[in-house]
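To start, the structure itself, in structure tokens.
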Amino acid sequence: MKEGIVVYQSKYGAAAKYAAWLGELTGFDTVKVSDAETEDLLDYSSIVLCGGIYASGIAGLSFLKKNFSRLEGKKTAVFCVGASPFDEKAIEEIKARNLKGSLSTIPLFYGRGMWDEEKMTTRDRTLCRMLQKSVAKKDPDTYEPWQKALMCAAGESRDWTDRKYLEPLMEYLKTEEEN
């Protein structure tokens with residue numbers, strides 16, 4: 001049996017970057033969700049899904065949900081990527097919204113991604129601008145962390161990706177190997 005695989009779905013490149021880094025750090029194979037075959041995953045003892053957060057959903061999670069019953073007994077984790085700074089409360093909300101039922105025992109990890117309005121689809125750029133207009137009506141002293149990040153990034157290109165965000169996941173994978 002092979003050690004592990006990182007299955008990823010990346011719209012603007014941050015999740016792909018984290019997947020590549022994770023592959024380098026662990027020796028795990030990496031594959032896009034669109035190229036992943038359930039039968040191939042059965043050969044691995046560990047599976048990490050890496051996907052961006054879009055409208056509170058995790059990209060690629062539908063693949064994991066669809067195949068989860070066949071992957072029983074495998075070490076499984078989800079690494080999600082978003083533009084906001086790490087916020088424990090927000091991550092718990094993402095987990096509660098996405099990892100329900102049989103998926104509730106899967107650990108969720110987070111890494112900060114990228115922001116580049118020029119690379120965004122027209123739809124995504126429009127939605128972000130609508131959200132920025134809505135947030136701008138609030139008192140800046142009451143902004144949640146994601147709202148501050150949204151307002152600071154407007155009109156700019158940012159890359160917050162950092163290997164340090166993989167450390168908790170690496171620790172989890174190491175701990176799981178020792179058990």
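Here, residue 1 is the first one in the sequence, and each next residue gets the next number.
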Can you check whether [X] reaches [Y] side chain to side chain, under 4.5 Å on heavy atoms?
| X | Y | answer |
| --- | --- | --- |
| Leu22 | Val48 | yes |
| Arg112 | Pro85 | yes |
| Leu131 | Leu127 | no |
| Tyr12 | Met120 | yes |
| Glu3 | Phe28 | yes |
| Cys80 | Leu108 | yes |

Results of side chain to side chain contact (heavy atoms under 4.5 Å, CB included) for Ser62 - residues two or more places apart only: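 For Ser62, no residue satisfies side chain to side chain contact (heavy atoms under 4.5 Å, CB included) once neighbours in sequence are set aside.
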
Set of side chain to side chain contact (heavy atoms under 4.5 Å, CB included) partners for Leu103, sequence neighbours left out: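 Checked Leu103 against side chain to side chain contact (heavy atoms under 4.5 Å, CB included); matches are Lys65, Phe68, Leu99, Ile106.
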
Polar side-chain atom of Ser104 near backbone of Lys100 as donor-acceptor pair, under 3.5 Å: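 Answer holds: no.
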
Ser46 side chain vs Gly4 backbone, donor-acceptor pair below 3.5 Å: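 Answer holds: no.
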
Reported CE-to-OG distance for the pair Met114 and Ser157, which is rounded to 0.5 angstrom: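 It is 9.0 Å, given to the nearest 0.5 Å.
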
Value rounded to 0.5 Å, distance of CG in Asp162 from NZ in Lys17: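 Rounded to the nearest 0.5 Å, the CG-NZ separation comes out at 9.0 Å.
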
Pairs touching residues 26-41 that satisfy side chain to side chain donor-acceptor pair (under 3.5 Å), sequence neighbours left out: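 As it turns out, the side chain to side chain donor-acceptor pair (under 3.5 Å) pairs with a partner in residues 26-41, which skip direct neighbours, are Asp29-Tyr44, Thr38-Asn67, Glu39-Arg70.
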
Do [X] and [Y] sit in the same hydrophobic cluster, where Ile, Leu, Val, Met, Phe, Trp and Tyr count as joined when their side-chain heavy atoms come under 4.5 Å apart?
| X | Y | answer |
| --- | --- | --- |
| Val81 | Met170 | yes |
| Leu49 | Ile5 | yes |
| Tyr8 | Leu169 | no |

Looking only at heavy atoms, what is the nearest atom pair of [X] and [Y], with distance?
| X | Y | value |
| --- | --- | --- |
| Cys50 | Ala15 | SG-O, 3.4 Å |
| Asn98 | Leu61 | O-CD2, 3.3 Å |
| Leu42 | Lys74 | O-NZ, 2.8 Å |
| Thr161 | Ala14 | CG2-CB, 3.9 Å |
| Ser56 | Arg97 | CB-NH1, 2.9 Å |
| Ala36 | Val7 | CB-CG1, 4.0 Å |

Please tabulate, for the side chains in residues 134-143, all donor-acceptor contacts under 3.5 angstrom to protein atoms that are two or more places apart in sequence or on a different chain.
{"from": "Asp139", "atom 1": "OD1", "to": "Asp141", "atom 2": "N", "distance (Å)": "3.0"}
{"from": "Thr142", "atom 1": "OG1", "to": "Asp139", "atom 2": "O", "distance (Å)": "2.7"}
{"from": "Tyr143", "atom 1": "OH", "to": "Val135", "atom 2": "O", "distance (Å)": "3.4"}

With sequence neighbours excluded, residues passing salt bridge (charged side-chain N to carboxylate O under 4.0 Å, His left out) with Glu93: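 In terms of salt bridge (charged side-chain N to carboxylate O under 4.0 Å, His left out), with neighbours along the sequence ignored, Glu93 is linked to no residue.
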
Criterion side-chain contact (heavy atoms from CB on, under 4.5 Å) on Leu71 and Leu64, from CA distance to verdict: CA-CA 9 Å; Leu71 303 174; Leu64 188 62; 4.1 Å; yes

Leu166/Trp21 under side-chain contact (heavy atoms from CB on, under 4.5 Å): CA gap, chis, key distance, verdict: CA-CA 8 Å; Leu166 292 170; Trp21 284 342; 3.7 Å; yes

Pairs satisfying ring pair (Phe, Tyr, Trp, His ring centres under 6.0 Å), at least one member in residues 69-125, at least two apart: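 Qualifying pairs: Tyr18-Phe79, Phe109-Tyr172.
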
Pair Glu167 + Lys174: basic N to acidic O under 4.0 Å: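 Salt bridge: no.
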
Within 6.0 Å of CZ in Arg163, more than 12 heavy atoms from elsewhere: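 For Arg163, atom CZ is crowded (more than 12 foreign heavy atoms under 6.0 Å).
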
